[in-house]
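Encoded as structure tokens, the structure appears first; notes follow it.
Residue numbers count from 1 along this sequence. First listed ligand is number 1; within each ligand, the first listed atom is number 1.
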Amino acid sequence: MEGPLVTLRGELRCFACSRYLGDFESHPAAHGGRDVHLLAPEPGVVRERAIRTTQGLRCPRCGARVIAEAVERLAA
Ligand SMILES: [Zn+2]
């Protein structure tokens, strides 16, 4: 069964300290509903990134859960 190919794009944020932890894209139709790809920051930009662990994405500062806020929905 084929659904429309949709790309979700948005921001990753720490659930506890609200720190911005980079951008993500998700392709639920191609890779499933929990699919998250971290996008590389622009060259020269140094910032904190979410850490990928066996429990999912975590904040590098406080270790709390990272939430994904979808801000764009693109037909791919
Ligand atoms: Zn945090």
Side-chain angles (χ1 to χ4, degrees):
M1 167 179 153
E2 292 188 21
L5 285 178
V6 169
T7 297
L8 299 176
R9 191 172 288 171
E11 298 181 347
L12 297 171
R13 243 169 232 290
C14 174
F15 184 70
C17 68
S18 297
R19 192 173 296 276
Y20 170 69
L21 296 170
D23 295 323
F24 77 94
E25 273 188 6
S26 176
H27 312 101
H31 305 296
R34 293 177 57 83
D35 177 54
V36 172
H37 303 278
L38 301 183
L39 299 184
E42 296 101 64
V45 176
V46 178
R47 70 186 179 208
E48 290 166 295
R49 310 279 315 271
I51 299 171
R52 208 179 265 279
T53 74
T54 53
Q55 329 239 302
L57 296 172
R58 294 278 158 171
C59 173
R61 275 299 172 90
C62 69
R65 196 159 58 87
V66 169
I67 53 172
E69 296 181 341
V71 295
E72 282 184 85
R73 188 183 176 90
L74 311 167

*So, does Arg58 use its side chain to make a donor-acceptor pair with the main chain of Gly63 at under 3.5 Å?*
yes
*Quick check: does any side chain N or O of Ser26 sit under 3.5 Å from a backbone N or O of Asp35, one acting as donor and the other as acceptor?*
yes
*Starting from the C-alpha separation in whole Å, work towards a yes-or-no answer on side-chain contact (heavy atoms from CB on, under 4.5 Å) for Phe24 and His37.*
CA-CA 5 Å; Phe24 77 94; His37 303 278; over 6 Å; no
*Which atoms of the protein, restricted to N, O or S, are nearer than 2.8 Å to the Zn ion (ligand 1)?*
Cys14 SG, Cys17 SG, Cys59 SG, Cys62 SG
*Can you sort out the partners of Phe15 under side chain to side chain contact (heavy atoms under 4.5 Å, CB included), two or more places apart, ordered by chain and number?*
Arg65, Ile67
*asked:* Restricting to non-hydrogen atoms, name the atom on Ala50 and the atom on Leu12 that form the minimum distance, rounded to 0.1 Å.
replied: CB-CD1, 4.3 Å
*Between Arg52 and Val36, what is the shortest heavy-atom contact and its length?*
NH2-O, 3.0 Å
